[in-house]
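Scope of the values below: all heavy atoms of this structure, side chains included, with no hydrogens, waters or symmetry mates.
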Amino acid sequence: GPVSAPIEEAADQQKSTFQVDFQKLPETVVWADHLSVEKIFLNLLSNAVRYTPEGGHIWYTAEQVSADAGQVAYVITVRDDGIGIQESFLPKLFEPFAQEKRQGYESVGTGLGLSIVGRLVGLMDGTITVDSILGKGTTFVVRLCFDPAVAEEPVNVMAEILSGVSDL
């Protein structure tokens with residue numbers, strides 16, 4: 001689909017391993033803006049591939065967790081064992097045009113990817129946290145809540161949205 005396919009291709013090209021695990025996602029049907037969700041994870045996964053040297057690993061996992069007020073909550077993780085992010089740069093990570101200068105990774109992208117991710121997560125009342133160790137890798141954890149939908153309504157199951165498989 002629109003999310004997994006280009007990422008798998010990019011990971012293949014640089015001999016990195018891309019692992020997806022949606023085993024913990026029940027077939028709950030939710031109202032979700034699937035294009036925004038796809039945009040978030042396409043950005044996070046593209047970065048993970050871009051900043052993971054040859055032979056590295058990218059993990060993309062999701063699980064449904066308990067939520068309040070009858071909503072359905074998901075915790076989606078994008079983790080890599082790439083170059084990592086300097087601690088001093090982490091607070092600026094989601095600012096527009098903020099780019100960390102790193103040897104061999106100059107002028108990659110516009111510096112807008114993560115600010116877009118941050119904005120979309122915020123618009124959906126979600127949260128995003130980042131944990132990174134220089135030279136060891138980075139983990140982004142996104143938590144999103146959605147209203148459950150009646151199964152007859154034409155909506156996507158979260159695993160389909162996250163992998164970008166959508167025929168709507």
If I compare all heavy atoms of [X] with all of [Y], which pair ends up nearest, and what's the gap?
X	Y	result
E87	P91	O-CD, 3.5 Å
L25	L162	CD1-CD1, 4.1 Å
N43	G113	OD1-CA, 3.4 Å
A62	K24	O-CB, 4.0 Å
R143	S66	NH2-O, 3.4 Å

Do the side chains of [Y] and [X] get nearer than 4.5 Å, heavy atoms only?
X	Y	result
P6	L42	yes
V121	F94	no
L134	F89	no
I76	E63	no
I58	S16	yes
V20	T61	no
L114	L44	yes
L35	D33	yes

* Hey, does the side chain of Y60 reach the backbone of S4 with a donor-acceptor pair shorter than 3.5 angstrom? ->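 Between the backbone of S4 and the side chain of Y60 there is no qualifying donor-acceptor contact (under 3.5 Å).
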Practice task
Say whether, by atom type as modelled, one donor and one acceptor occur between the side chain of Q14 and the main chain of V49 under 3.5 angstrom.
Solution key: yes
Residue set satisfying side chain to side chain donor-acceptor pair (under 3.5 Å) with D125, at least two apart, ordered chain then number -> none
Those residues at least two apart in sequence (or on a different chain) that pass ring pair (Phe, Tyr, Trp, His ring centres under 6.0 Å) with F18 are none
To the nearest 0.5 Å, what is the distance between [atom1] on [X] and [atom2] on [Y]?
X	Y	atom1	atom2	answer
L45	F140	CG	CZ	10.5 Å
E54	Q13	CD	CD	11.5 Å
S88	K92	OG	NZ	5.5 Å
W59	T17	CH2	OG1	8.0 Å
F146	Q71	CZ	CD	9.0 Å

- Flag yes if more than 12 heavy atoms outside L90 fall under 6.0 Å of its CG atom; otherwise flag no.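 Result for CG/L90: enclosed.
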Result block: side-chain N/O donor-acceptor pairs under 3.5 angstrom for residues 78-85, not counting sequence neighbours:
residue : atom : partner : partner atom : Å
D80     : OD1  : G82     : N            : 2.8
D80     : OD1  : T138    : N            : 3.2
D81     : OD1  : H57     : N            : 2.7
D81     : OD2  : H57     : ND1          : 2.8

Is there a path of hydrophobic side-chain contacts, each under 4.5 Å between heavy atoms of I, L, V, M, F, W or Y residues, that connects [X] with [Y]?
X	Y	answer
V75	V117	no
V141	V130	no
F22	L144	yes

